[in-house]
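First up is the structure itself, then whatever we jot down about it.
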Amino acid sequence: MKQKTQLKNKSFKSESEIYGFWESEKFFSADLQSSKKPFSLLIPPPNLTGELHLGHAMQHSILDALARFKRLQGFDVLLLPGVDHAGIQFEATFEKKLSKENLSKQKLGREKWLEKAWEFKEEIYKSVSGSWRMLGLSADWDREVFTLDEGPKKAVFEAFKSFYDAGLIYKGPYIVQWCPKDRTAIEDVEVEYEERKEKLYYLKYGPLTLATTRPETKFGDTAMAVNPKDERYKDYVGKEFEIDTLAGKKKMRVVADDAVDPEFGTGVVKVTPAHDFADYQMGIRHNLPIVQVINKEGKLTDVAGKYAGMKVQEAREAMLPELKEKGILIKEEEYAHNVAVCERCKSVVEPIISEEWFVKVGDLAKAAIKVINASKINFLPKNYARIITDWLENIHDWCISRSLWWGHRIPVWYPSTSLRTSPSTPLRQAQGRSGQVADMKVSLDSPGEGWVQDEQVLDTWFSSGLWPMSTLGWPEKWKMVNGKLKIENSYFPWDFEISAPEIKFLWIARMIMLSVHFTGNIPFKIMFFHGMLRDLEGRKFSKSLGNGIEPAYLIDKWGVDATRMALYTYSVPGRDGRVSKAILDERGKNYRNFATKLKNITKFILELKPNGSTRHSGLSRVDSGVAQKAPQNDNVKMNTDDEKMVADLDALVKQVTKHLENIDLHLAAEAIYEFTWHKFADVYIEKSKARRAEAQPVLEYVLKQLLIMLHPFMPFVTEELYQKFEVKRESIMEETWPSA
RNA sequence: GGACUCGUAGCUCAGUUGGCUAGAGCGUCUCGUUUACACCGAGAAGGUCAGAGGUUCGAGUCCUCUCGAGUCCACCA
């Protein structure tokens, strides 16, 4: 505690000046060696792709309110900031920027490209960092982490190596979701479905007719399939027929498989193992060859004959006339179905066979389910526990490689003499799930001359999934037990984590799995899912719709504190909020008015004192100005109004504390607001005017308590006004939360 | 096709484990230039808490169904 004999009443010119004061006095720093109980909050690292939006502002306001509340309660609070490199998204935004400069990945090459990427990262980071400070985020900046920093790099390597040694990592050609635009494999959870109206084409395949939406994959068909119970086609099963693919004739067998729905189309399907997940499985079951028709750029391969080189959609349209002409296409139907698109860039994703790395997550998922079912994590709202366990129940292996440059490069090295890829027999590999190259080495740095590193990088979520640990120096700093009273993992598990619901599987479920696996412990005690802020039509805010509202717009207009207060009204867990500029302006105005009200109350109580009123307000005169107890000094005469006021305040303290402990920020904020304005100002202060001098001690006492309780929500005004007290501490941040 | 959430005043939303005449902000109307504040104060209008049934001494709050809105998961070639 900073003890100064004479504390000056600071006056600040701006919010940023107040922030600078807090920062330079190190009020945000966590202190491992302190005797206080730790309370840790982990900031979800925003993606490094641009400005922070309203959702971030709400999320960070919630985190900051809790951090400030816990600090006032006397905890050693760690609010840890960081940003995420966001592989795919970053590369997409960076590519747009590069193309404006007439540059590209190809032109620059990996090394130069990475150099420029880091410069770009710094540029974006500045805006993120600026927004955080503008919002008043009381984060421990000395501990800030970026997902590509050395710390996370070591954690990522440790996790990768550990998985590898345990036989949980394998590599090989498998069918994956491939985004032709981003040129990388993505995960099922990164795929969205859009309903589209397309055509269902009825094609003649030898003696049979079948229905398909994708005639262009015809070149990769290696069988026809029917349901084994389908009487109509019983006699065809096992027989071979000659089919015209428009790129030459081909012999094709008819197989029987339960996966075929006899009700759909004609009950016959073409089997394209290379470009359809169900067909791939059928291919394995019936030992069918795999023929690649679509390449990683989303164009048809040489097997497509004269259609080779065309994009999927082009090829489809181009081949229809020929199919008709040859009598192969006999019928078209309108057909509405779901098309898989990349959640980032919205382009149609193609199932493609590609050489990728995978983690076997079955056992990790089981362990995660166990801790969730044992209620070790307090989910808010609580039904998210089941949503997550449901997903974990049906989890499949995690494709952790991405064909990108921005990320943690896979720490695997091959002798430059050997071939890195092993495309020989994909199916055998797929069935055996063994695709490890015998002489590869797992190492962070090059094992020496003549070794080349794997070209791919790890999925962004691999490093994000380790975030709760890597930010605290796992594994290195967790090992120094001897001689150290407290180590970094004193903050682990985190007391509080918050997230948007949309990344509950991508991120939250992964953190739980990885944390349970590597530490045997949960990553966080409270998992808070906030709702999504939407526009009045219920749509998400997005750049493409142009319906976004900049937090800076509100902050400029109404001030940070008012903006934060407006956002807390939407902080009910799991509930979406519908907002428009007008509605947020309305709330901003309301809370700006409240801030003004507070200033006027303070002016009345502390600046417009009646002559002869007690200088020290009758509060305890020896301490440094903490208003812990109601005025009970003999010099203070309390009447029934005073007593009621003090009793009401006590009740408020209880109520607000409870709401904050339950993370009901909206209720806590509303309760203080209501009390301050309509009980304290409208009633008590008005009545006190008749006996001002006598009421002065209670006026000051109540005001100070209210400011302290409001500080988590409105940090700036409360600091500004607190400084006007004669008896006080250096900052309101050093005050103590009132106890009733 | 599965799972979940929501439907409360004109608008945006609160309403803790069921308990007094259902709340806030904004908006509307009336009044008020009282020496903290018009970015204010006093007051008013406005809701059969989507609908129906049930449990209960008592339900916006629990159960069932219907209607409506939305989210997530799976996905049919």
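All figures in this text were calculated on a predicted structure; none of them were measured in a lab. Quick note on labels: first sequence line is chain A, next is B, and so on, each numbered from 1.
Taking a pair as Watson-Crick or G-U with both hydrogen-bonding distances under 3.5 Å, the stems of three or more pairs touching RNA chain B are B:1-7 with B:67-73, B:10-13 with B:23-26, B:28-32 with B:40-44, B:50-54 with B:62-66.
The stretch residues 594-606 of chain A participates, sequence neighbours left out, in no side chain to side chain donor-acceptor pair (under 3.5 Å) pair at all. Residue pairs meeting the salt bridge (Lys or Arg N to Asp or Glu O under 4.0 Å) criterion with at least one member in residues 715-724 of chain A, sequence neighbours excluded: Glu607(A)-Lys724(A).
Using a 4.0 Å heavy-atom cutoff across all strands shown, Leu200(A) reaches no nucleic acid atom at all. Residue contacts shown for Ala582(A) are absent, as no nucleic acid heavy atom lies under 4.0 Å away. Residue Gly577(A) is in sugar-phosphate contact alone, with no base atom involved, counting any heavy-atom pair closer than 4.0 Å across all strands shown.
Listed by chain and number, the residues in a salt bridge (charged side-chain N to carboxylate O under 4.0 Å, His left out) with Arg232(A) are Asp230(A) (sequence neighbours excluded). Under the side chain to side chain contact (heavy atoms under 4.5 Å, CB included) criterion, Thr272(A) pairs with Thr217(A), Asp221(A), Lys270(A), His275(A), Asp279(A), sequence neighbours left out. Every residue was checked against the salt bridge (charged side-chain N to carboxylate O under 4.0 Å, His left out) condition with Arg592(A), not counting sequence neighbours, and none meets it. By the salt bridge (charged side-chain N to carboxylate O under 4.0 Å, His left out) test, Arg587(A) pairs with no residue at all, sequence neighbours left out. For Phe529(A), the ring-ring contact (aromatic ring centres under 6.0 Å, His included) criterion is met by Tyr384(A), not counting sequence neighbours.
Proximity of residues 584-593 of chain A to RNA chain B (heavy atom under 4.0 angstrom from any strand atom) is restricted to Glu586(A), Arg587(A), Lys589(A), Asn590(A), Arg592(A), Asn593(A). Of the residues in residues 656-666 of chain A, those with a non-hydrogen atom less than 4.0 angstrom from any atom of RNA chain B are Lys658(A), His666(A).
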Between the protein and nucleotides 72-76 of chain B, which nitrogen or oxygen pairs are less than 3.5 angstrom apart?
residue	atom	partner	partner atom	Å
C75(B)	N3	Asn338(A)	ND2	2.9

Report each atom pair, protein N/O against N/O of nucleotides 32-36 of chain B, whose distance is under 3.5 angstrom.
residue	atom	partner	partner atom	Å
A36(B)	OP1	Lys689(A)	NZ	3.3
A36(B)	O2'	Asn600(A)	OD1	3.1
A36(B)	N7	Lys689(A)	NZ	3.3
A36(B)	N6	Ala681(A)	O	3.4
A36(B)	N6	Glu686(A)	OE2	2.8
A36(B)	N3	Asn600(A)	O	3.3

Does Tyr591(A) form a ring pair (Phe, Tyr, Trp, His ring centres under 6.0 Å) with Tyr673(A)? I'd like the steps, not just the answer. CA-CA 9 Å; Tyr591(A) 290 111; Tyr673(A) 170 94; 5.6 Å; yes
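When distances run from any side-chain atom of Val269(A) to the nucleotides A77(B), G41(B), A3(B), the shortest one goes to A77(B).
Of the residues near RNA chain B, Thr212(A) and Asp576(A), the one whose nearest nucleotide (by heavy atom distance) lies more toward the 5' end is Asp576(A).
One interatomic measurement links the two molecules: CG of Asp221(A) to P of A77(B), which rounds to 15 Å at whole-angstrom precision.
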